[in-house]
Structures are given as C-alpha cells and as structure tokens.
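Working notes, beginning with the structure itself.
Chain identifiers are assigned alphabetically (A, B, ...) following the order of the sequence lines, protein sequences preceding nucleic acid strands; residue numbering begins at 1 within each chain.
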There are 2 protein chains.
Amino acid sequence: MTASTSRRQRLRQATLEEIHAAARKLLVEQGSAAVTVNAVARQVGMSGPALYHYYAGHDELVGAVTADFFRELAAAMEQARDARDDAPLGDRILAACRAMRAWATAHPAEFGWIFASPVAPPDRRPDSARHQAALRFERILLDLVVELWRTRPFPVPDPAGLPASLREQLAAYSAAIGGRLPPEAAHVFLSCWIRLYGLLCMEVLHQLDFAYTDMAPVFDECLRDLAAALDLDRSGPPDA
Amino acid sequence: MTASTSRRQRLRQATLEEIHAAARKLLVEQGSAAVTVNAVARQVGMSGPALYHYYAGHDELVGAVTADFFRELAAAMEQARDARDDAPLGDRILAACRAMRAWATAHPAEFGWIFASPVAPPDRRPDSARHQAALRFERILLDLVVELWRTRPFPVPDPAGLPASLREQLAAYSAAIGGRLPPEAAHVFLSCWIRLYGLLCMEVLHQLDFAYTDMAPVFDECLRDLAAALDLDRSGPPDA
DNA sequence: TATGTTTCCTTAATGGCTCTAAAGAATCTA
DNA sequence: TAGATTCTTTAGAGCCATTAAGGAAACATA
C-alpha cells in the first residue's frame, strides 16, 4: 500500500513542482499578468481545468508560488547566516542582510511578487502556506537580533521618551514575540527592519530610478546605519 | 465657432471626469482588479467599446487615473506647504510631509495604486501625463530642500568618505536637477526621501501589520529623524 | 434651411480569461 | 477481475480587452 500510494504522491509532487516552475517561468519572462491558470496549464502540457485538481483556483496557485519564493529567500538568508557560524554575530547579521538583497536583485520579479503580488490580494489566513513562509522569513533577522540582545545588548532609547501610543504597540509586539525583546529593543529592531526592507521595496518597485542606477552603495550605507544602531562594531569576535 | 466647439469640449471634459470618478469608485470599493474597461463604462452608463473614444485602451485609462492621483497628492502637499508661508521653512517642510501621509492614509487604495499599480506596468514615457504628474510630486520636497539649502545649509557628509560609485551617481543626479544641490546635499535629500517614502510604501502595502496597528507615531519619529538630518530645529523663525 | 462632416455611441464578433459540470480514461484497491 | 479513486478532457457560462462596422446626433457650411 505505502509503495503504490506514495508512487502516486510522488507523481503528484512532481506535477506540483512542474506547475510551480511553469508559473515562475511565466512570471519572470512575461510578467505577473502572464501567470494565468490557462497559461500555466498550457506550459505543463495539460488543458486549463486540469489544474484545478492541484489548486482550487488562481489565487491559491499564486499563494503557493509566493510561499515558494518566501522559502527560497529565507533559505538564502539562512545559508548566509550559517555559512560561518564561528564568525562574530554581527558579521552573520550583515551576511543575512546582504543575502536578502542579493536574492532580491537576482530575482526581482519574484521579490516584487512577494510584497506586491499584482494579481491577487495576499492570503492573510494565518494557517496558509504563504503566511507560514512569510513568518519564517521575518523571523530570521528577529532571531538574530534576539541572540544579539542576549549576548551583547545594544543601546536602546529611554521608553519614557516614546509616545504612549508607540509604547503600547511595542509592548504588544514584545509580548507577541514571547518577550524575547523588551519593547525598547523591539523598537530598535523594527526601525532597522523598516529601513532595510523599505529600501529593497523601493528599489524593486523602481521608485528610485530617478536618482540611482546602482543601489549597491546605497544599500551598503543602510547596512552601516544598521550596524551602528545595533552597535555591531563595538569589538571583535563574539567571545572576545 | 468657439462657443459651439467649446460646448462639445465641455461635454467631453465632463464625461472624462465621470470616467475617472467611476474608475476611482471601482478601485476604492472593489479593489484594483475591478477597474476594467467594461466595468468603468457600465458605471458611467455606456457600453464597453464606447470608452475607446476617450482612451486608447485599458492601460491609458489607468495611466490617466494615476496621473489624477499624483496631482491630487501633490496639491495636498502644496497646500500644506503654502498654508502659512510666513512660517519657518522647516515647519513648511514638515507640514508637506505630514500632508503626504495624511493623503496616503485617507486614500490607501489610490496611494497603493500610485507606486504599485497592480493592473498595468507604469507608463515610463517621459511625456506621459502620468510621468509629468509624478515629477511634480517628486519635486515638491526637492524644491523645499533646495530652498533650505540656499537659506540655511544643513550639514552634509564629507564626499571623500563616500564610495566612488555613489559619488558618481550623486554627481549625475546633482546635474540632473540643475546643480541646485551639490552631490553631498543631494545625498542627504535622497536619504530623507527614501526613509519617508519607503515608510509610507510599507505602511500602505501592509508590510508592517505584524508589529503595528497605528503607524502615526512611527511616522512622527521618522519626521524627527528627518528634521535632525536637515537641521530644522536649529533655531526659530526663518528670518530670526 | 439643406448637406456633408465630425463626434459619439451602439451592436457584433474574436479570442482570451476563470471556473463549473459532466464524462472518459488511467490507476490503484481489494 | 470488479469497484473506487484519481486524473484529465471537452463543453459551456460569463467575464474581460479590443476591433470593426454602422447608426444617430451635433456641428459647420453653403
């Protein structure tokens, strides 16, 4: 039973991968509007409605492919983070950030699809594969900053100086991440995240073409600001 | 001749405005995918192909509506800038920035449409109405910063400390804006623009919902950073 | 006022899309 | 070998963008 059943499942799995590859090929080569159920089915050699045996519809297909992109991006960042796990934590943080931009610039269509999928509103159900993959992606830097906070706390603002409304939101977020960062430290982390991710959003959406042809040095400067905010340059190796 | 001709033209103009209003209504109420040629035509009471007497196709309609949004956003910022033209320049800069976010949050669908119009790749021909309107929008803060630079120069980084590649791009941009800002000052301006616009992009694209329910205090803090970068708090009124 | 032109709008039609329904073929289970 | 499951196909409804052809109204002019 297991043998034959899993043979079917293997076949199904292979078809699913073919479908994803076809959708991605259409996205990269012809833009997001070309990723239609019919076109994807044609690409893998079946007729339109057959694809509904794999996905309930266009939106679900888009969500599955988006989850793939999140996973691939997360894997690239994790690999950079773990490439030299004897390196100082600060170096590993910066490596993960660089891997993020490297993936985004190597796969602009896919990265743009992630945060502004132009064909369907994102699936926000917290149990969707898309959401799970997005969480894994978002947690990579968070976990690194948590580790940094534990081993070598970075400077934080005085909570008393923050507006009450912001303090409350930071407290809620701090609780949502299990209290692994106090609100003030969460504030520093979120500020870094906004600058990093925001810059990549604008780059990929071509909002800065009017001024820059090569965003690499701009990103480098953003990383320097981030290193300063997290006090990464304070000293040498992590255990020194 | 003039009377009758302009009556026709007035009629046409009124129809154009009806079309734009219908497209916007569909966008706001049902999302960007609902802005179709047929649906818009239905909304204004004509049948699909009739709309082709006003626009060459779907993309041109989208471009015209997007230009409207840019103009409305720019007008809101200009009004805030000019509301009290006896106020210190720094206050007027901050007022324009606040007006930008106020418009974005009051019209999230329209603002999202501006930089990630999910139905058509933006028209980048430099003579398109969309492009002209985008330029007007982008120039508002630039002009303010130029004026600030002339009357009360803000601190700039040492160009020697910047990477060569960045220096070259900044020099090109400085030339593109008629040399009204030297490269180092242009760098400060662009950094501010990136942080401001990037934050709004992320807010409207719901990329920060995982942490914030109300971005107002986050934006306020961004404005404080901007004021610090431009040295707006140095002193009182402009002529003091 | 009569005539011709321009403008606006209609219907018809093509070919694409999403998605449902019904039915045939292949595969697995027993 | 018989029945159930799975995969796939064709047919079709209803949407979309767009083109083509023709009719009605408004306008300009003789």
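The interatomic distance linking B:Tyr54 (OH) with C:dT10 (P) rounds to 10 Å, in whole Å. One can place NE2 of B:His58 at 8 Å from P of D:dT18, the figure rounded to the nearest angstrom. Per the geometry, CD belonging to B:Glu60 stands 15 Å off P belonging to D:dA17, to the nearest Å. In this structure, CG of B:Leu11 is placed 14 Å from P of C:dT7, rounded to the nearest angstrom. Taking atom CE of residue A:Met46 and atom P of nucleotide D:dT9, one finds them 8 Å apart after rounding to whole Å. A straight line from CZ of B:Arg10 to P of D:dC27 spans 10 Å, rounded to a whole angstrom. Distance A:Leu51 CG to C:dT18 P: 10 Å, rounded to the nearest Å. Following rounding to the nearest Å, A:Tyr55 (OH) and D:dC7 (C1') show an atom-to-atom distance of 16 Å.
Pairing analysis of DNA chain C (Watson-Crick: purine N1 to pyrimidine N3 plus N6-O4 or O6-N4; G-U wobble: N1-O2 and O6-N3; both under 3.5 Å) yields stems of 3 or more pairs at C:1-30 with D:1-30.
OP1 and OP2 of D:dT6 both lie 4.0 Å or more from every side-chain N or O belonging to A:Arg12.
Of all nucleotides listed (D:dT9, C:dT20, D:dT18), C:dT20 comes nearest to the side chain of A:Tyr52.
Contact check on B:Asp85 versus B:Arg92 returns no salt bridge, with no Lys/Arg side-chain nitrogen under 4.0 Å from an Asp/Glu carboxylate oxygen.
Near DNA chain C, meaning a heavy atom under 4.0 Å away, the residues from residues 36-44 of chain A are A:Thr36, A:Val37, A:Asn38, A:Arg42.
Heavy atoms of A:Gly48 sit nowhere under 4.0 angstrom from any nucleic acid atom.
Not a single donor-acceptor contact under 3.5 angstrom links the side-chain atoms of B:His53 to the base of C:dT7.
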From CA spacing to verdict: side chain to side chain contact (heavy atoms under 4.5 Å, CB included), A:His131, A:Arg125: CA-CA 7 Å; A:His131 195 250; A:Arg125 286 176 301 115; over 6 Å; no
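Just one residue in the list B:Glu18, B:Glu29, B:Glu72 forms a salt bridge (Lys or Arg N to Asp or Glu O under 4.0 Å) with B:Arg24, and that residue is B:Glu72. Here the rule is ring-ring contact (aromatic ring centres under 6.0 Å, His included) with A:Phe137, and of A:Trp193, A:Phe69, A:Phe115 only A:Trp193 fits it.
A donor-acceptor pair is defined here as one N or O able to donate and one able to accept, closer than 3.5 Å; such a pair exists between the side chain of A:His58 and the backbone of A:Val35. Panel note: side chain A:Gln43, backbone A:Ile19; no donor-acceptor pair is recorded below 3.5 Å.
For the pair A:Val62/A:Trp113, a side-chain contact is recorded, criterion being any heavy-atom separation below 4.5 Å from C-beta on. Between B:Leu200 and B:Met215, every side-chain heavy-atom pair lies at or beyond the 4.5 Å cut-off. Residues A:Leu190 and B:Val218 have side chains not in contact (no heavy-atom distance under 4.5 Å, counting atoms from C-beta outward).
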